[in-house]
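Shown next, in structure tokens, is the structure this report addresses.
When reading the values below, keep in mind they use all heavy atoms of this one structure, side chains included, and skip hydrogens, waters and symmetry mates.
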Amino acid sequence: MSVKIYFEEYGNPTALVQAEETVGEPGAGEVRIVNRAISVNPVDWKVVAGYLKDFVPLQLPAVPGNETAGVVDAVGSGVDGFAVGDEVIWSGFTGGYRAQANVPASSLIAKPAAVDFEQAASLPVAAGTAYSAVHQIGVREGDTVLVHAAAGGVGTATVQIAKALGARVIGTASPANHDYLRSIGAEPVTYGDGLVDAVKALGTISASIDNVGGAASVAATVALLPDLSRAVTAVADEHAAAAGIAVVVASEDRLTAVAKLAEQGVIRFEIQDRFPLAEAVKAFELSLTGHVRGKIILVP
């Protein structure tokens with residue numbers, strides 16, 4: 001028997017329920033994976049809360065979670081490129097909060113041997129979004145990039161990828177995360193009142209990547225960046241739309257690209273906390289605070 005975390009109706013974190021399930025043999029084009037690490041993202045609790053149901057309707061009950069790393073346990077017919085014992089990274093929209101799962105082989109990439117399971121499970125959403133954002137606006141050597149919410153999962157990867165491309169990075173965060181930002185190569189500023197003046201004191205920015213959204217961060221970007229064609233946001237809200245700031249478009253090569261960057265040591269996440277899969281509610285409650293440094297991991 002395996003274990004899953006699911007929800008029968010939209011609601012707050014307490015809507016999550018644990019149950020046992022039998023995971024059968026994989027079908028044609030599928031592999032069965034045993035998950036070693038499951039990454040928690042804000043989109044997970046947004047799905048459970050029903051915030052995305054108008055855009056991506058789900059048939060309930062449903063299992064949240066969109067990125068894991070594990071080991072291939074069985075291979076279905078017609079699958080090439082994967083074998084029992086292979087270490088893999090899975091990415092999808094829902095279905096990740098499981099100890100075992102049958103998944104399409106097309107949703108997997110090989111996990112680099114040098115990257116541990118927790119780091120690997122953190123790559124698709126956070127690093128994939130960061131990679132897409134950085135390349136969408138053409139960050140390059142000599143740029144000074146403002147990264148909003150630089151201490152979170154997406155922000156951490158954004159800083160590291162931009163630095164690797166030769167850019168200077170100014171990152172917004174709470175004062176408690178300023179030393180952390182310095183440790184990954186960003187120059188920290190405190191979000192909120194005084195942000196625009198604090199950034200101006202450090203120089204002129206040539207690009208902006210917003211990982212938090214909202215009126216304040218959009219207003220700061222508009223005030224600091226004359227060319228908004230070099231601004232992008234990971235949060236498609238009305239404020240960004242009104243300002244004409246583009247939303248991140250996922251790069252087709254993002255998963256293989258970030259796996260390679262992680263293998264090279266360019267991308268590495270701080271893991272703020274780990275919870276047993278059975279304690280997914282606690283993981284959601286921590287994510288809901290909006291003050292996560294790096295990533296949260298569920299351990300099956």
Side-chain angles (χ1 to χ4, degrees), residues 41-43 46 51 125-250 270 287-294:
N41 293 292
V43 71
K46 291 176 183 179
Y51 296 159
V125 173
T129 301
Y131 175 87
S132 300
V134 164
H135 287 274
Q136 185 171 330
I137 58 173
V139 172
R140 54 191 177 267
E141 187 173 1
D143 272 330
T144 297
V145 185
L146 175 63
V147 178
H148 294 279
V154 180
T156 291
T158 303
V159 170
Q160 294 172 333
I161 296 170
K163 291 291 293 182
L165 291 170
R168 176 191 182 198
V169 178
I170 299 171
T172 75
S174 67
N177 285 324
H178 282 194
D179 284 344
Y180 170 67
L181 289 187
R182 293 186 186 98
S183 76
I184 61 173
E187 299 169 53
V189 291
T190 302
Y191 59 78
D193 293 341
L195 171 60
V196 171
D197 289 339
V199 174
K200 286 181 176 179
L202 293 175
T204 302
I205 67 168
S206 56
S208 173
I209 298 173
D210 186 359
N211 298 311
V212 66
S217 62
V218 169
T221 297
V222 171
L224 290 163
L225 185 63
D227 181 8
L228 290 179
S229 71
R230 300 210 68 209
V232 70
T233 181
V235 182
D237 62 20
E238 66 273 20
H239 307 290
I245 295 175
V247 177
V248 176
V249 177
E270 179 167 328
S287 181
L288 275 162
T289 67
H291 296 291
V292 175
R293 178 189 295 177

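In terms of heavy-atom proximity, Ala236 sits nearest to Val247 at CB-CG2, 3.7 Å. When all heavy atoms of Thr129 and Ala234 are compared, the closest pair comes out as CG2-CB, 4.0 Å. Annotation for Ala162 and Val139: closest pair CB-CG1, 4.2 Å, computed over non-hydrogen atoms. Of all heavy-atom pairs between Leu181 and Ala173, the closest is CD1-CB, 3.6 Å.
Residues satisfying the side-chain hydrogen bond (donor to acceptor under 3.5 Å, both in side chains) test with Ser208, not counting sequence neighbours, are Thr221. Residues forming a side-chain contact (heavy atoms from CB on, under 4.5 Å) with Ala149 (at least two apart in sequence, or on another chain): Asn211, Val212. Every residue meeting the side-chain contact (heavy atoms from CB on, under 4.5 Å) condition with Ala243, not counting sequence neighbours, appears here in chain and number order: Val218, Val222, Ile245. Residues satisfying the ring-ring contact (aromatic ring centres under 6.0 Å, His included) test with His135, not counting sequence neighbours, are Tyr131. Remark: Ser287 pairs with Trp45 by the side-chain hydrogen bond (donor to acceptor under 3.5 Å, both in side chains) rule, at least two apart or across chains. Residues passing the side-chain contact (heavy atoms from CB on, under 4.5 Å) test with Glu270, sequence neighbours excluded: Tyr180, Arg293. With sequence neighbours left out, the side-chain contact (heavy atoms from CB on, under 4.5 Å) criterion links Ala127 to Leu123, Ala157, Val258, Ile267, Phe269.
Identified under the salt bridge (charged side-chain N to carboxylate O under 4.0 Å, His left out) test for residues 210-232, with sequence neighbours left out: Asp143-Arg230. Screening residues 166-184 for salt bridge (charged side-chain N to carboxylate O under 4.0 Å, His left out), with sequence neighbours left out, gives Arg168-Glu187, Asp179-Arg182.
Here Ile170 contributes atom CD1 and Thr204 contributes atom OG1; the two are 9.0 Å apart, rounded to the nearest 0.5 Å. Distance CD1/Ile209 to OG1/Thr158: 5.5 Å, rounded to 0.5 Å. The structure places OG1 of Thr156 at 8.5 Å from CG of Asn177, a figure rounded to the nearest 0.5 Å. The line from OG1 of Thr144 to CD1 of Ile205 is 8.5 Å long, rounded to the nearest 0.5 Å.
Using modelled atom types, no side-chain atom of Gln160 and backbone atom of Gly185 make a donor-acceptor pair closer than 3.5 Å.
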For residues 189-201, tabulate all N or O donor-acceptor pairs below 3.5 Å that involve a side-chain atom, not counting sequence neighbours.
residue	atom	partner	partner atom	Å
Thr190	OG1	His178	NE2	3.3

